[in-house]
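Here's the structure we're looking at; comments come further down.
Heavy-atom basis, side chains included; hydrogens, waters and symmetry copies ignored.
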Amino acid sequence: MTESSDTAMGSYVTGGAFERDTQYIEDRIVADPDAVRALPAPPASKIGSLGFGLSEGAEAWPVEPGRYRLVAAAACPWANRTLIVRRLLGLEDVISLGQPGPVHDARSWTFDLDPDGRDPVLGTERLQENYFARFPGYPRGITVPAIVDVPSGGVVTNDYPQITLDFSTQWREFHRDGAPDLLPSDQIDEMWPIIERIFTEVNNGVYRCGFAGSQEAYDAAYERLWAAMDWLEERLSTRRFVMGDTITEADVRLFTTLARFDPVYHGHFKANRNKLSEMEHLWGYARDLYQTPGFGDTIDFTQIKQHYYATHADINPTRIVPLGPDLANWRTAHGRERLGGAPFGDGTPPQPKR
């Protein structure tokens, strides 16, 4: 992103194929910092890691209820993952939540939805202030989700692939009764390459289409995306969820892209071979999750559309936010019960959103 003024939106299309910057603050919040420090460093990964210690230069912070604040914009698909997992596991009372508005400029996400435009706990107007509190002049993107240490006001981590994994593994003592196991040990070996494919080809694939800087880059990105969408359509024709009968981390990671597909990616990012609502199994699957507590109740379609159409000014120079499509169809019957299974297995759904 480039900055030409305090209110500049920045540039997202830089020419050629889109490459995502995946360098994040890789500190972790863990149940036993000493034990994690003793583990081997994780291999390079864009989807996080399980069973490893810290990356070079990263720090371990202790799990402490009430100490940390998750800053996660409802508009952002990467942040949306953390909102879903926090709800599913019942961590609302131990990790507080700050939510920036849907539109940011080249400097930062802002807390413009809060009274006086300041986060009521952190006291800051811009998330940038919290990055700078720990890393003065932080040179990379001011991204969400970010977890902030409330006492110091400094950002602990913005490593979104790892945050949800640590919510499941490191915060287990504080999970609600009946919380789902999003990382079932007997499915990890099969799930890991599936999660990687979902990230590279779908989660990031829509951005590869939208931010392509040449026809050739776009064409290649389009073909890759739809090959993966067709693979998922076939997979979900015989199983209710990505891994089978119950929800897992793989469903969380896929859902946040599907929820944005027809409102944004189909038109704004030119991922327009067909709409999600025209794919029998993926569309039924997406509605099944949307109607499951913890998923649809984290979705704000208005903010989602505002974010993409108003922020990506080099793609949409007028910054006009379209009125369509009609999204009432997300509440229609999905019929996925015929495949058996249940979202929470032997567990229970989270309580209604506060």
When you measure from the side chain of [X] to the backbone N and O of [Y], does any donor-acceptor pair fall under 3.5 Å?
X: Gln303; Y: Cys76; value: no
X: Lys353; Y: Thr298; value: no
X: Arg319; Y: Ala310; value: yes
X: Asp116; Y: Arg118; value: no
X: Asp114; Y: Pro120; value: no
X: Asn204; Y: Phe199; value: no
X: Thr311; Y: Tyr308; value: no
X: Arg28; Y: Gly53; value: yes

Using 0.5 Å steps for rounding, measure from the [atom1] atom of [X] to the [atom2] atom of [Y].
X: Asn203; Y: Thr257; atom1: CG; atom2: OG1; result: 4.0 Å
X: Tyr309; Y: Ile315; atom1: OH; atom2: CD1; result: 10.0 Å
X: Leu282; Y: Leu236; atom1: CG; atom2: CG; result: 5.5 Å
X: Glu278; Y: Glu233; atom1: CD; atom2: CD; result: 11.5 Å
X: Thr82; Y: Tyr160; atom1: OG1; atom2: OH; result: 12.0 Å
X: Ile163; Y: Gln170; atom1: CD1; atom2: CD; result: 13.0 Å

Ring centres of Tyr290 and His334 under 6.0 Å apart? no
Looking at Asp251 and Arg240, is any side-chain nitrogen of the basic one under 4.0 Å from a carboxylate oxygen of the acidic one? no
Taking 4.0 angstrom as the limit, do Arg176 and Asp93 come out as a salt bridge? no
Could you give the side-chain donor-acceptor pairs of residues 135-147 under 3.5 Å, partners two or more places apart or in another chain?
from	atom 1	to	atom 2	distance (Å)
Arg140	NE	Asp21	OD2	3.3
Arg140	NH2	Asp21	OD1	3.1
Arg140	NH2	Asp21	OD2	2.6
Thr143	OG1	Tyr131	OH	3.4
Thr143	OG1	Asn158	ND2	3.0

Donor-acceptor pair between [X] and [Y] side chains, under 3.5 angstrom:
X: Thr348; Y: Asp177; value: no
X: Ser152; Y: Arg134; value: no
X: Ser108; Y: Gln128; value: no
X: Thr157; Y: Asp159; value: no

Sub-4.5 Å side-chain heavy-atom contact between [X] and [Y]:
X: Met243; Y: Arg235; value: yes
X: Arg208; Y: Leu225; value: no
X: Thr256; Y: Trp78; value: no
X: Pro349; Y: Thr292; value: no
X: Leu70; Y: Leu91; value: no
X: Gln187; Y: Glu249; value: no
X: Val252; Y: Thr164; value: no
X: Phe18; Y: Tyr12; value: no

Closest approach of [X] to [Y] (non-hydrogen atoms, all atoms of both residues):
X: Asn329; Y: Ser277; result: ND2-CB, 4.4 Å
X: Ala286; Y: Trp330; result: O-CZ3, 3.5 Å
X: Ala259; Y: Phe301; result: O-CE2, 3.2 Å
X: Pro263; Y: Pro325; result: CA-CD, 3.9 Å

hydrophobic_cluster_shared for [Y] and [X], side chain cutoff 4.5 Å:
X: Val30; Y: Leu183; value: no
X: Leu165; Y: Trp61; value: yes
X: Leu232; Y: Tyr265; value: yes
X: Met279; Y: Leu339; value: no
X: Phe241; Y: Ile188; value: yes

Among residues two or more places apart or on two chains, list those pairs meeting salt bridge (charged side-chain N to carboxylate O under 4.0 Å, His left out) that have a residue in residues 64-91. Glu64-Arg67, Arg67-Asp149, Arg69-Asp119, Arg87-Glu92, Arg87-Asp297
Distance-only criterion, 3.5 Å: show the donor-acceptor pairs between side-chain atoms of residues 42-52 and protein atoms not counting sequence neighbours.
from	atom 1	to	atom 2	distance (Å)
Ser45	OG	Ile47	N	3.1
Ser45	OG	Gly48	N	3.4
Ser45	OG	Gly48	O	3.0

[X] atom [atom1], neighbour heavy-atom count above 12 within 6.0 Å:
X: Gln351; atom1: CD; value: no
X: Asp186; atom1: CG; value: yes
X: Lys270; atom1: NZ; value: yes

Salt bridge (Lys or Arg N to Asp or Glu O under 4.0 Å) partners of Glu201, counting only residues at least two apart: Arg224
Residues that Arg37 engages under salt bridge (Lys or Arg N to Asp or Glu O under 4.0 Å), provided they are two or more places apart: Asp34
Aromatic ring pairing [X]/[Y], orientation class (parallel under 30°, perpendicular over 60°, tilted between):
X: Tyr68; Y: Trp171; result: perpendicular
X: His307; Y: His312; result: perpendicular
X: Phe269; Y: Phe211; result: perpendicular
X: Trp226; Y: Phe261; result: perpendicular

For Leu323, which fellow cluster members are found when Ile, Leu, Val, Met, Phe, Trp and Tyr are connected by side-chain heavy-atom distances below 4.5 angstrom, either directly or through intermediates? none
